[in-house]
Amino acid sequence: MDRRHQQVSVMVRVRPMRKEIGEEGSGWEVTENTLVEKGNPDIRFSFDKVFTEKSTTRDVYDECVAGPVVQSCMAGFNATVFAYGQTSSGKSYTMLGGPSSPGLVPLAVEDMFSIAGDQQVHGKDFVIKCSMLEIYNEQLRDLLADPAQAPKQLRLVKSPLRGVHVEGAIRRPVTSVRQFVDYIHKEAEARRVSASHSMNEQSSRSHCIVRLDVECWENDGGVDGDARAGAPSSSEPSDPTGLPAAKDGDNITVSALHLVDLAGSERISKTGASTGIRKREGANINKSLLFLGTVIERLSDPDHKGYIPYRDSVLTRMLQTALGGNSVTAVIAAITEAEIHREETRSTLQFASRASRIKNVVHRNEISDDKTRIRKLEGDVKSLRKTLVAKQFTILLGQTRLKKFSIDGTGGGYSDRQTQRMVASLQQSNAALQAELGAVKEA
């Protein structure tokens, strides 16, 4: 299995200042890739990209999410995008969007269906399923569950291909972008906990995780995509691993795209949430973000070889695959350049800077049966035999002095000795493939 190290990509999005909440005067100098604190030029941060307040969500998506993240997921790699920042910094607007400006989540789903349609002509069928959860006061809640029914027990588990996922969560097949948008706006957003405070009229009181599971079948005369998409949508898969069962000849990739809208860090002195349930929510949000910061800090330290405390919170456990694991990951740091939030913005940029130093180890998640492996090996043997015959014919031409000459009469191509060495190497490769093919057939 091919593995490669890949840096976590980090970009910054600056939202427009809001005078209605007292934001006047900028505390930062913003350029295309850097932010420098005014009056303190030693405080400088550089990132893959800095999107100014004039940039749209579509700009963010096209430049930093569409290719590196969504296309990787559709090719069989796990992928994650999460937005981080203080409360009211524009995270939910960036991730989920609104009626007039779709966020990264619906844009990603639109692209996924476009890619799936294009790949059908190449003999590939895709099935996409979604789950939506929130972490509220350190408790997992299923946003697709019927609130009139007793909630199911949700449990975090880890598997080799699906990574860390929530056992018991509802996974619904998605057959269109419209259907998915309805899931978000009519169900998930309506059930997610939010409240108003002095900095935000609709502040998220929980972390929201949208997970899109993608299964891709190489079309080999087996079950077609329509039949697979029509499979039961039970939250409890028939296979205890939660993975599709490989049939004869199937070549399957399984991947997951996590789109995470984190609740924002809060200061009671600014939000005014100093009593009751709002105070408890804010404390739990800050606590989980503190644990996330600790994980980021240790992963970004090249000299740290010890324990990484993923299990200290539900959030860090959920993001374990995304941070230091098998995932193509992008982080969006949402900030405001307003002077009154200078300290919070600096803290967000420090978090983002540490995240940019993390390296993940990514690989495609493939499932294949013995028949598929045999067919691939037979194809390799056939290709090698063709090459071998061509090289042997070249030797025969050389022996009968029917070499190809260039215009000036000088000989071209390989010498007989070089060609013989190449043929010997090909014969060895052929023998090795034949042996492996025989071992697979006997197994």
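Just so it is clear, the model here is predicted, and its values are computed rather than measured.
- Using a 4.5 Å heavy-atom threshold, the side chains of C216 and F126 count as touching.
- Here the side chain of N365 pairs no donor or acceptor atom with the backbone of T253 at under 3.5 angstrom.
- S356 contributes atom OG, which lies 11.0 Å from atom CE of M11 (distance to the nearest 0.5 angstrom).
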Salt bridge (charged side-chain N to carboxylate O under 4.0 Å, His left out) assessment of E23 paired with R18: CA-CA 5 Å; E23 295 181 350; R18 299 171 59 195; 5.8 Å; no
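- Side-chain atoms of N137 never come within 3.5 Å of backbone atoms of Q139 as a donor-acceptor pair (strictly under, hydrogens ignored).
- In this structure, the side chains of L349 and I43 stay at 4.5 Å or more apart for every pair of heavy atoms.
- Proximity of T329 to I358: side-chain heavy atoms (C-beta onward) are nowhere separated by under 4.5 Å.
- Looking at Y310 and L299, their side chains come closer than 4.5 Å, going by heavy atoms from C-beta outward.
- Applying the side-chain contact (heavy atoms from CB on, under 4.5 Å) test between V50 and each of T34, V14, T31 identifies V14 as the sole match.
- Checked by atom type and distance alone, the side chain of S72 pairs as donor or acceptor with a backbone atom of P68 at under 3.5 Å.
- To the nearest 0.5 angstrom, L96 atom CG is 6.0 Å from I184 atom CD1.
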Worked verdict on I332 versus L104 for side chain to side chain contact (heavy atoms under 4.5 Å, CB included): CA-CA 11 Å; I332 299 170; L104 299 181; 3.2 Å; yes
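- Side-chain N/O atoms of Q6 and R4 include a donor and acceptor closer than 3.5 Å.
- By the 30° and 60° cut-offs, the orientation of the rings of F351 relative to F82 is perpendicular.
- For T321 (side chain) and V164 (main-chain N/O), a donor-acceptor pair under 3.5 Å exists by modelled atom type.
- To the nearest 0.5 Å, atom CE of residue M132 and atom CZ of residue R171 are 13.5 Å apart.
- Considering CZ of R354 and CD of E297, their distance stands at 5.0 Å, rounded to 0.5 Å.
- A donor-acceptor pair shorter than 3.5 Å can be found between the side chains of D59 and T56.
- In this view, K186 and D182 satisfy the salt bridge (charged side-chain N to carboxylate O under 4.0 Å, His left out) rule, not counting sequence neighbours.
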Side chain to side chain contact (heavy atoms under 4.5 Å, CB included) evaluation trace for L292 with L262: CA-CA 11 Å; L292 176 60; L262 297 176; 3.9 Å; yes
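- Between E339 and R342, at least one side-chain N (NZ, or NE/NH1/NH2) sits under 4.0 Å from a carboxylate O, which counts as a salt bridge.
- N78 contributes atom CG, which lies 7.5 Å from atom NE2 of H258 (distance to the nearest 0.5 angstrom).
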Verdict with supporting geometry, D213 and H165, side chain to side chain contact (heavy atoms under 4.5 Å, CB included): CA-CA 11 Å; D213 288 298; H165 61 281; over 6 Å; no
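- Side chain of N326 to backbone of H363: a donor-acceptor contact under 3.5 angstrom is found.
- Under the 4.5 Å side-chain criterion, counting only non-hydrogen atoms from C-beta, I335 is in contact with L35.
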Audit row: E24, M17, side chain to side chain contact (heavy atoms under 4.5 Å, CB included) steps and yes/no: CA-CA 7 Å; E24 292 185 2; M17 285 193 282; over 6 Å; no
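- Without hydrogens or angle criteria, R155 side chain to G168 main chain gives no donor-acceptor distance under 3.5 Å.
- The residue from E281, H207, R141 that alone fulfils the side chain to side chain donor-acceptor pair (under 3.5 Å) condition with Y136 is E281.
- Distance check: S101 OG to L107 CG gives 8.0 Å after rounding to the nearest 0.5 Å.
- T294 and D312 are not linked by any side-chain donor-acceptor pair at a separation below 3.5 angstrom, with hydrogens and angles left out of the test.
- For the residue pair S92 and D261, a side-chain donor N or O sits within less than 3.5 Å of a side-chain acceptor on the partner.
- Remark: K38 NZ is packed, more than 12 non-hydrogen atoms of other residues, nucleotides or ligands lying under 6.0 Å away.
- Side chain of R172 to backbone of L144: a donor-acceptor contact under 3.5 angstrom is found.
- For the pair S327 (side chain) and L323 (backbone), a donor-acceptor distance under 3.5 Å is absent.
- Taking the ring centre of F51 as origin, the terminal cationic atom of K49 falls inside the region bounded by 6.0 Å and 45° from the ring axis.
- T345 places a side-chain N or O within 3.5 Å of a backbone atom of T336 that can act as its donor or acceptor partner.
- Formation of a donor-acceptor pair under 3.5 Å by the T316 side chain with backbone atoms of S313 is found in this model.
- For the pair R13 and Y93, the cation-pi criterion (under 6.0 Å, within 45° of the ring axis) is not fulfilled.
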